[in-house]
Protein chains: 2
Amino acid sequence: MIDPELISLFEFFKRYSRLSEEAEKAISKICKVITIKRNTDLQPIGHTCKTIYFINKGIARIYYLKDGVDITESFSFENNIIARVESLFTGKPSRKAIQILEDAELIAINSDLLFKMYDQFPEIERLFRLIMEAAYVDTVNRIESIQFYTAEERYKALMKENPDVIKRVPLKYIASYLGITQVSLSRIRGMK
Amino acid sequence: MIDPELISLFEFFKRYSRLSEEAEKAISKICKVITIKRNTDLQPIGHTCKTIYFINKGIARIYYLKDGVDITESFSFENNIIARVESLFTGKPSRKAIQILEDAELIAINSDLLFKMYDQFPEIERLFRLIMEAAYVDTVNRIESIQFYTAEERYKALMKENPDVIKRVPLKYIASYLGITQVSLSRIRGMK
DNA sequence: GTAATTATTTATCTTATGATAAATACTTCC
DNA sequence: GGAAGTATTTATCATAAGATAAATAATTAC
């Protein structure tokens with residue numbers, strides 16, 4: 001029997017590939033459910049990322065400091081994963097932090113243990129390959145959006161694609177995600 | 001014996017993982033060496049990407065049209081791969097094209113055949129997982145560079161990291177890669 | 001429920017980049 | 001090697017977004 005707290009994680013996995021029961025059991029063993037209060041850093045800047053998180057409830061963001069200014073790299077919502085891949089895949093300390101924006105329940109998957117399971121379970125390696133390929137595609141598409149649309153176009157696209165962000169996340173975090181200052185975002189919002 | 005034209009490809013692979021001889025042989029079978037003249041489109045816009053290319057000689061770029069204007073997404077040089085991942089991994093037609101900028105010798109790897117080999121050769125699946133993870137990390141890092149540095153900073157960083165680009169690629173292609181117009185790039189270059 | 005803190009908006013002025021046009025430099029091809 | 005085509009630079013003017021400061025609104029903590 002699968003831990004009821006892990007059901008949504010395995011539903012998420014099914015969007016990418018099917019796992020055998022043994023594989024599900026093996027993954028279950030390296031999952032830890034944790035709850036975190038909002039406005040806390042789940043992982044600080046400078047920490048080497050050894051965890052892939054799945055969000056059962058809440059919102060998280062990845063951010064870093066550029067010349068002391070807080071910059072949001074990405075947001076993650078319910079039923080999605082979040083990880084600092086540039087650290088996870090290189091083993092180097094991350095310049096980025098993961099912060100919880102709404103009281104959250106997360107599933108933490110230890111990446112050392114996960115990667116070790118790849119030899120025994122090629123199906124798990126495949127699953128995470130597919131998840132990461134999809135995330136890679138999202139990132140490639142994001143470059144296009146950042147580089148070749150105006151701030152106003154990007155704001156409107158975000159409102160359309162993910163209205164939840166605007167409702168649930170402070171605008172100051174959204175501004176840097178869009179690549180502009182908070183003042184500029186406010187100006188764009190005021191324009192009608 | 002490995003076809004001498006494929007040696008650099010297998011050297012490239014060794015940077016990520018070791019392959020058994022059978023696996024190398026299997027990959028060799030789905031590789032095709034091709035030569036292409038400069039200024040030709042290797043794959044046109046609208047085509048569904050079914051090939052991963054390795055560059056033995058020459059330069060390629062991925063570009064697309066935004067409101068009729070040519071935008072460079074990326075460049076690839078000798079001893080690297082190039083593919084339109086957003087099509088390769090989704091099976092959807094790409095809005096992007098691959099163009100050859102200098103007379104080139106390429107190794108074309110058929111992705112349908114490659115992906116089919118993953119069941120028989122988990123080591124090949126692993127190899128390409130690692131290659132794509134590294135490419136994903138590069139892309140994440142590129143977002144940071146596009147979004148939070150000025151055009152001038154980006155130009156100087158490019159000169160430092162990859163002076164070859166400036167020497168071998170027409171500036172008009174570099175400008176859109178940096179996210180600015182050619183006129184702006186010319187202005188930045190003239191500033192000192 | 002009020003004070004203190006934090007978030008958002010508004011205003012002003014500055015600046016980097018865009019758009020357009022024209023001048024110059026460089027390539028290619030017969 | 002000269003004409004035609006292409007690439008790059010320079011100039012001018014317009015505009016989106018940045019920086020700073022101050023005003024207002026919303027949230028949080030006691």
Side-chain angles (χ1 to χ4, degrees), chain A residues 36-41 58-59 61 63 65-72 75 99-103 144-159 163-192, chain B residues 37-41 58-59 61 63 65-72 75 99-103 143-159 163-192:
Chain A
I36 307 271
K37 286 273 164 215
R38 80 202 193 87
N39 288 335
T40 52
D41 271 10
I59 305 180
R61 70 176 183 123
Y63 74 94
L65 299 176
K66 151 123 171 109
D67 303 332
V69 178
D70 177 313
I71 306 282
T72 299
F75 299 107
Q99 184 190 26
I100 299 302
L101 297 179
E102 278 183 5
D103 291 358
E144 199 180 325
S145 118
I146 296 172
Q147 193 155 18
F148 303 110
Y149 292 86
T150 64
E152 190 183 344
E153 286 169 329
R154 277 175 271 148
Y155 173 69
K156 284 183 176 160
L158 182 66
M159 277 212 300
D164 255 28
V165 183
I166 315 283
K167 282 183 215 128
R168 295 168 67 185
V169 174
L171 291 171
K172 62 177 174 173
Y173 296 145
I174 294 172
S176 65
Y177 174 75
L178 293 172
I180 54 178
T181 61
Q182 192 188 354
V183 173
S184 290
L185 177 57
S186 201
R187 179 159 40 195
I188 287 166
R189 284 160 57 82
M191 287 197 315
K192 123 102 220 81
Chain B
K37 287 273 165 216
R38 80 201 191 88
N39 288 335
T40 51
D41 272 10
I59 305 180
R61 72 175 180 121
Y63 75 94
L65 300 176
K66 150 120 171 112
D67 302 334
V69 178
D70 178 313
I71 307 280
T72 298
F75 298 107
Q99 185 190 26
I100 299 302
L101 297 180
E102 279 182 4
D103 292 357
I143 285 190
E144 199 179 323
S145 118
I146 297 173
Q147 194 156 18
F148 304 111
Y149 293 86
T150 65
E152 191 182 344
E153 286 169 328
R154 277 175 271 150
Y155 173 69
K156 284 181 175 160
L158 183 65
M159 279 212 299
D164 255 29
V165 183
I166 315 282
K167 283 183 212 127
R168 294 168 69 185
V169 173
L171 291 171
K172 62 177 175 172
Y173 297 144
I174 294 172
S176 65
Y177 174 74
L178 294 172
I180 54 178
T181 61
Q182 191 186 355
V183 173
S184 289
L185 177 57
S186 201
R187 180 160 37 196
I188 287 166
R189 283 161 57 84
M191 286 197 315
K192 122 105 220 73

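Please read these numbers as outputs of a predicted model, since none were measured by experiment. In what follows, chains carry the letters A, B, and so on, assigned in the order in which the sequence lines appear, proteins first and then strands, with residues in each chain numbered from 1.
The backbone N or O of A:Ser145 sits nowhere less than 3.5 Å from a side-chain atom of A:Glu153 that would complete a donor-acceptor pair.
Note that the CD atom of B:Gln182 and the CZ atom of B:Arg189 stand 9.5 Å from one another [nearest 0.5 Å].
The separation between A:Tyr149 atom OH and D:dA16 atom C1' is 18 Å, rounded to whole Å. Protein atom OH of A:Tyr155 is 11 Å distant from nucleotide atom P of C:dT8, rounded to whole Å. Atom CG of A:Leu171 is separated from atom P of C:dT10 by 12 Å (rounded to the nearest Å). Distance CG (A:Asn39) to C1' (D:dT28): 11 Å, rounded to an integer number of Å. D:dT9 atom C1' lies 16 Å from atom CD1 of B:Ile166, rounded to whole Å. Between B:Ile71 atom CD1 and C:dG18 atom C1' the separation is 13 Å, expressed in whole Å. Note: CD1 (A:Ile174) to C1' (C:dT8) measures 12 Å, nearest angstrom. Rounded to whole Å, the distance from CD on A:Glu102 to P on D:dT28 is 11 Å.
Using a 4.5 Å heavy-atom cutoff, the side chains of B:Asp103 and B:Lys37 are in contact. Considering only heavy atoms from C-beta on, A:Gln147 stays 4.5 Å or farther from B:Ile71 through its side chain. Counting only heavy atoms from C-beta outward, the side chains of A:Tyr177 and A:Leu158 approach each other to under 4.5 Å. In this structure, the side chains of B:Phe75 and B:Leu101 come closer than 4.5 Å at one or more pairs of heavy atoms.
Between A:Ile188 and the options A:Ile180, A:Thr150, A:Val183, a side chain to side chain contact (heavy atoms under 4.5 Å, CB included) holds for only A:Ile180. Shown are B:Asp41, B:Thr72, B:Asp70; of these, the side chain to side chain donor-acceptor pair (under 3.5 Å) with B:Tyr63 is made only by B:Asp41.
Both tests pass for B:Lys66 against the ring of A:Tyr149: distance under 6.0 Å to the centre and angle within 45° of the axis. Relative to the ring axis of A:Tyr173, A:Arg61 places its NZ or CZ within 45° and under 6.0 Å from the centre.
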- Query: In dot-bracket, 5' to 3', how would DNA chain C read with Watson-Crick or G-U wobble pairs under 3.5 Å, [ ] for crossing ones and | for pairs to another strand?
  - Reply: ||||||||||||||||||||||||||||||
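A heavy atom closer than 4.0 Å to some atom of DNA chain C occurs in A:Gln182, A:Val183, these being the qualifying members of residues 175-185 of chain A.
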Is there any protein nitrogen or oxygen under 3.5 Å from a nitrogen or oxygen in nucleotides 28-30 of chain C, and what are the pairs?
unit_1, atom_1, unit_2, atom_2, d
C:dT28, OP1, B:Arg38, NH2, 2.4

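Considering only side-chain N and O atoms, A:Arg187 lies nowhere under 4.0 angstrom from the phosphate OP1 or OP2 of C:dT9.
In the set D:dT8, C:dA7, C:dT9, the nucleotide with an atom closest to the side chain of A:Lys172 is C:dA7. Candidate nucleotides C:dT9, C:dT17, D:dT8 were compared by shortest atom distance to the side chain of A:Arg189, and C:dT9 ranks first.
A pairwise comparison of heavy atoms in A:Val165 and A:Ile174 identifies O-CD1, 3.6 Å as the closest pair.
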